[in-house]
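Counting convention: from 1, in listed order, for ligands and their atoms alike. The first residue in the sequence is number 1, and the count goes up from there. These numbers come from the heavy atoms of this one structure, side chains and all, not from hydrogens, waters or symmetry mates.
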Amino acid sequence: MSGWLAVAGIGPGGAALITPEVTDALAEATDVVGYAPYLARIAPRAGAAFHASDNRVELERAAHALTLAAAGRCVVVVSSGDPGVFAMAAAVFEALEAGPETWRTLDIRVLPGITAMLAASARAGAPLGHDFCAINLSNNLKPWPVIDHRLRLAAEADFAIALYNPRSVARPDDFARALDVLREACGPERPILFARAVSTPEEALRVVTLGEARSEMADMRTLVIVGSSRTRRIDRPGGSLLYTPRFAA
Ligand code: SAH
């Protein structure tokens with residue numbers, strides 16, 4: 001029996017945002033591997049074993065999934081959002097590169113999902129309508145000076161900036177430092193979006209200026225978008241829209 005491995009994105013939370021391709025792969029899987037809260041979003045099915053793991057053990061989880069596929073199992077590794085954005089697809093390829101030669105012939109597919117940045121920007125309007133970049137503020141895998149440097153260069157390049165993993169209990173001060181860097185580089189009037197738990201029942205969006213922004217406005221379920229110098233706010237009844245025009249001056 002020949003196994004396969006699909007690294008699948010299950011979107012930001014809402015069931016309607018899971019692609020049919022991912023639903024089909026899950027329907028065929030004999031094994032589903034992932035961080036426990038993500039597995040909780042998938043309906044259990046007879047014939048599919050769920051392998052829950054902790055969030056910090058991506059490489060082990062990836063090697064486990066590859067081992068199962070090599071043994072002939074049909075394996076789906078789930079990530080929230082898109083698996084290629086700060087998630088499991090790269091971990092699978094790190095494990096593949098470091099693993100036994102036999103793994104290289106495995107049938108491996110990456111199935112895209114709607115990443116948090118796109119779900120958040122759609123809810124807010126179109127803040128990523130012109131050039132933008134995405135930065136992961138988690139310093140688990142990179143030191144603070146690298147983050148600081150990239151924030152400054154992104155601001156200098158006048159990108160709209162999407163920030164993933166803005167704030168955690170383990171490092172509550174880094175996001176405050178990031179806001180200081182951005183205020184210094186972009187000024188206090190720049191709009192900033194805090195989009196929390198987008199597409200779930202807890203969804204909450206807030207647009208403020210960098211001058212008003214406080215680190216407590218974000219947590220680990222929040223995606224932050226800092227506008228470029230061109231980003232505009234349209235105030236209207238029921239909430240304002242945030243968008244970045246398609247043209248540069
Ligand atoms: N692969 C995921 C990102 C994983 S990093 C993706 O493509 O979306 C985890 C970070 O994603 C969180 O800290 C948060 O910044 C963001 N995130 C994930 N789901 C979210 C949601 N429903 N609403 C807002 N932000 C979300």
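- Under the 4.5 Å side-chain heavy-atom criterion for grouping Ile, Leu, Val, Met, Phe, Trp and Tyr, Met117 is not connected to Leu137 through any hydrophobic cluster.
- Between Asn165 and Met220, some side-chain heavy-atom pair lies under the 4.5 Å cut-off.
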List of N/O pairs, ligand 1 versus protein, all under 3.5 Å?
| from | atom 1 | to | atom 2 | distance (Å) |
| --- | --- | --- | --- | --- |
| ligand 1 | 1 (N) | Ser80 | O | 2.9 |
| ligand 1 | 1 (N) | Asp82 | O | 2.9 |
| ligand 1 | 1 (N) | Val85 | O | 2.8 |
| ligand 1 | 7 (O) | Asp82 | N | 2.8 |
| ligand 1 | 7 (O) | Asp82 | O | 3.4 |
| ligand 1 | 7 (O) | Thr115 | OG1 | 2.6 |
| ligand 1 | 8 (O) | Thr115 | OG1 | 3.3 |
| ligand 1 | 8 (O) | Ala116 | N | 2.9 |
| ligand 1 | 13 (O) | Asn165 | N | 3.3 |
| ligand 1 | 13 (O) | Asn165 | OD1 | 3.0 |
| ligand 1 | 13 (O) | Met220 | O | 2.7 |
| ligand 1 | 15 (O) | Asn165 | N | 3.1 |
| ligand 1 | 15 (O) | Thr222 | O | 2.7 |
| ligand 1 | 22 (N) | Pro12 | O | 2.8 |
| ligand 1 | 22 (N) | Val198 | N | 3.3 |
| ligand 1 | 22 (N) | Val198 | O | 3.0 |
| ligand 1 | 23 (N) | Ala197 | N | 3.4 |
| ligand 1 | 23 (N) | Val198 | N | 2.9 |
| ligand 1 | 25 (N) | Arg221 | O | 3.4 |
| ligand 1 | 25 (N) | Leu223 | N | 3.4 |

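- Partner of Leu242 under the side chain to side chain contact (heavy atoms under 4.5 Å, CB included) criterion, out of Arg123, Arg232, Arg233: Arg233 alone.
- Between Phe93 and Ile108 the shortest side-chain heavy-atom distance falls below 4.5 Å.
- Between Arg183 and Asp180, at least one side-chain N (NZ, or NE/NH1/NH2) sits under 4.0 Å from a carboxylate O, which counts as a salt bridge.
- The shortest distance between side-chain heavy atoms of Thr244 and Phe132 does not fall below 4.5 Å.
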